[in-house]
Colleague: 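Before I ask anything, here is the structure I am working with.
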Protein chains: 2
Amino acid sequence: MLKLSRLADYAIVILVKLGEQDGVVTSPALAAITGVPEPTVAKVLKVLSAHGFVLSQRGAKGGYRLARSLADMSVASVIAAVDGQIALTACVGGRECDTGLSCGLCGSWDVINTAIRSTLEGISLESMRPKEACSTVLSQINKLNATHTVREGA
Amino acid sequence: MLKLSRLADYAIVILVKLGEQDGVVTSPALAAITGVPEPTVAKVLKVLSAHGFVLSQRGAKGGYRLARSLADMSVASVIAAVDGQIALTACVGGRECDTGLSCGLCGSWDVINTAIRSTLEGISLESMRPKEACSTVLSQINKLNATHTVREGA
DNA sequence: CCGAAACAGGACCATTCAGGTCTTTAATTA
DNA sequence: TAATTAAAGACCTGAATGGTCCTGTTTCGG
């Protein structure tokens, strides 16, 4: 169903959330914020660090912070970093697919791949940040779920 | 890596190839033409038939033929038929993802999903048909691979 | 100077799901 | 009536993703 890998999904969520914090944030803290299991957060962060999306600081009081603004990160670049090249099919670049040579659609896929890629490149992480109206709904849901623990500002 | 399922890939190839034949074509014949294993071809054709892309004729001298012109089939519709709804993530329609409620990107994904979908809807199967120059290259490759069996026109 | 905290970089397992095969049934035609 | 072919669905297998854990290495604080 043309779905994104969950890791890439997490990566985007984590980056957006990280952008909303100030100072360095530890991976356990990010796990708490996003709800993603800690080891997975750490794994994603490592990849993002290797690809220059976040800067890491080791040692006690270490953590992560964004390497650049969310507006300077495209959805495409994040997906490519986590999942590898964005391509719908195996036969890219005019090469033949592995079904033999009878496909005959050689090159036609490139049109699609390019279209998808440019679509995703045009969307920045900044534009993924929750909108106001949406945040309101979210906080309400959060309140519902936090009923027996904390009741902040209500 | 944001890849298409192989079944959807096959479906498109099969439809394009089917459009180049005249009269009804059996699935074994299509398997021979496309190089895709016969049972898989049959499986894909069944799905395509159920979704109205091809018309089936049972019994002896039966087979499949296109239900409408290739120009009237979008890549998006074929993918949707074989793989289900085209959506990058689980959280569509403003619903929250299953990581809990902390995603907070509610609705943002819809922008991406819609963009991808409309991109794919704008590409017809007709435009996937091999171009002349490309066919030439293909036939050359075919000749190379058929060296020890048949040498047609060379 | 030592210990705790936190990232780095792997290896590793387990689950899921897509891909593919097979069998049976029903329909059509010669 | 017999042969051919699609329809439908059960079932198996293998790859890959997702997730966990372990062992270093670095840095800060006491």
Side-chain angles (χ1 to χ4, degrees), chain A residues 1-14 18 23-32 34-65 67 79 81-85 88-90 97-100, chain B residues 1-11 13-14 18 23-32 34-65 67 79 81-84 88-90 97-100:
Chain A
M1 55 199 105
L2 191 68
K3 67 163 174 261
L4 197 59
S5 82
R6 205 170 304 176
L7 271 308
D9 188 339
Y10 290 164
I12 292 177
V13 174
I14 288 173
L18 186 55
V24 294
V25 186
T26 68
S27 48
L30 270 175
T34 60
V36 178
E38 299 182 29
T40 302
V41 172
K43 186 181 201 173
V44 172
L45 247 10
K46 272 179 264 185
V47 175
L48 291 177
S49 172
H51 284 81
F53 290 94
V54 299
L55 299 176
S56 66
Q57 185 174 340
R58 301 176 68 157
K61 298 202 56 176
Y64 295 92
R65 61 192 171 87
I79 294 176
V82 176
D83 284 345
Q85 176 66 294
L88 288 192
T89 62
C97 38
D98 49 1
T99 63
Chain B
M1 55 195 113
L2 191 66
K3 64 162 173 261
L4 197 59
S5 82
R6 207 171 303 176
L7 271 307
D9 188 337
Y10 290 164
V13 174
I14 288 173
L18 185 55
V24 295
V25 187
T26 67
S27 45
L30 270 174
T34 60
V36 178
E38 299 182 30
T40 302
V41 172
K43 188 180 200 174
V44 172
L45 282 173
K46 270 178 267 184
V47 175
L48 292 177
S49 172
H51 283 82
F53 289 95
V54 299
L55 300 176
S56 65
Q57 185 174 341
R58 301 175 68 156
K61 296 201 58 176
Y64 295 93
R65 61 192 172 88
I79 294 176
V82 176
D83 285 344
L88 287 191
T89 62
C97 39
D98 50 359
T99 65

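Quantities reported herein were computed from a predicted structural model and do not represent experimental measurements. Chain A is the first sequence line, chain B the second, and so forth, proteins listed ahead of strands; every chain is numbered from 1.
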Colleague: Assign each of A/Arg58 and B/Pro28 to its nearest nucleotide of DNA chain D by heavy atoms, then name whichever residue's nucleotide is nearer the 5' end.
Modeller: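 Comparing both residues, the 5'-ward one is B/Pro28.
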
Colleague: Looking at C/dA8, I'd like to know if its phosphate oxygens (OP1 or OP2) sit under 4.0 Å from a side-chain N or O belonging to A/Tyr64.
Modeller: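 Looking at the OP1 and OP2 atoms of C/dA8, one of them is under 4.0 Å from a side-chain N or O of A/Tyr64.
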
Colleague: Nearest-Å distance, CZ (B/Arg65) to P (D/dA6)?
Modeller: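 In whole Å, D/dA6 P and B/Arg65 CZ are 14 Å from each other.
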
Colleague: Specify the residues of residues 41-57 of chain A, ordered by number, for which at least one heavy atom lies under 4.0 angstrom from an atom of DNA chain C.
Modeller: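 Correct list: A/Lys46, A/Ser49, A/Ser56, A/Gln57.
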
Colleague: Any donor and acceptor pair, going by atom type alone, linking the side chain of B/Ser49 with main-chain N or O of B/Leu45 inside 3.5 Å?
Modeller: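 No, B/Ser49 side chain to B/Leu45 backbone: no donor-acceptor pair under 3.5 Å.
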
Colleague: Would you compute the distance between atom CG of A/Asp9 and atom CG of A/Asp83 and round it to the nearest 0.5 angstrom?
Modeller: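 Result: 10.0 Å between the selected atoms.
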
Colleague: Return the CG to CD distance between A/Leu30 and A/Glu38, rounded to the nearest 0.5 Å.
Modeller: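 A/Leu30 atom CG to A/Glu38 atom CD measures 10.5 Å (nearest 0.5 Å).
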
Colleague: May I ask you to verify if any side-chain N or O of A/Thr40 is less than 4.0 angstrom from the OP1 or OP2 atom of D/dT20?
Modeller: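 The answer is yes; a side-chain N or O of A/Thr40 sits under 4.0 Å from OP1 or OP2.
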
Colleague: Would you mind telling me which of D/dG18, C/dG19, D/dT20 lies closest to the side-chain atoms of B/Ser5?
Modeller: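 Of D/dG18, C/dG19, D/dT20, C/dG19 is nearest to the side chain of B/Ser5.
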
Colleague: Under 4.0 Å, counting only non-hydrogen atoms across every strand here, what does A/Pro37 touch: a base, just sugar-phosphate, or nothing?
Modeller: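 Since only primed, P, OP1 and OP2 atoms lie under 4.0 Å of A/Pro37, the category is sugar-phosphate.
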
Colleague: On DNA chain D, check which nucleotide each of A/Lys61 and B/Gly62 is closest to and give me the residue with the more 5' one.
Modeller: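 Mapping each residue to its closest nucleotide by heavy atoms, the 5'-most match is B/Gly62.
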
Colleague: C/dG20 C1' sits how many Å from B/Glu38 CD, rounded?
Modeller: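 Nearest whole value for this atom pair: 13 Å.
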
Colleague: Knowing that exactly one of A/Val47, A/Val41, A/Leu48 qualifies, which makes a side chain to side chain contact (heavy atoms under 4.5 Å, CB included) with A/Val44?
Modeller: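 For A/Val44, the side chain to side chain contact (heavy atoms under 4.5 Å, CB included) check succeeds only for A/Leu48.
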
Colleague: To the nearest Å, give me how far apart CG (A/Asp83) and C1' (D/dA16) are.
Modeller: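 To the nearest whole Å, that distance equals 12 Å.
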
Colleague: Of the listed nucleotides (C/dC7, C/dG19, D/dT20), which one gets closest to any side-chain atom of A/Ser27?
Modeller: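 Output: C/dC7.
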
Colleague: C/dG20, C/dA6, C/dT29: which one has an atom nearest the side-chain heavy atoms of B/Ala60?
Modeller: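 Within the option list, the nearest is C/dT29.
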
Colleague: To the nearest Å, how far apart are A/Arg6 CZ and D/dT17 P?
Modeller: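 It is 12 Å, rounded to the nearest whole Å.
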
Colleague: CG of A/Leu7 versus P of C/dT16: gap in Å, rounded?
Modeller: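 Rounded to whole Å, this separation is 17 Å.
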
Colleague: State, yes or no, whether a side-chain contact exists between B/Val54 and B/Tyr64 at a heavy-atom distance under 4.5 Å.
Modeller: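 Yes. Closest side-chain heavy atoms under 4.5 Å.
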
Colleague: Is B/Thr40 reaching over with its side chain to a backbone N or O of B/Val36, donor-acceptor style, under 3.5 angstrom?
Modeller: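 Such a contact is absent between B/Thr40 side chain and B/Val36 backbone.
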
Colleague: Quick check for you: to the nearest 0.5 Å, what is the distance between A/Ile14 atom CD1 and A/Ser27 atom OG?
Modeller: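 Output value for this atom pair is 9.0 Å.
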
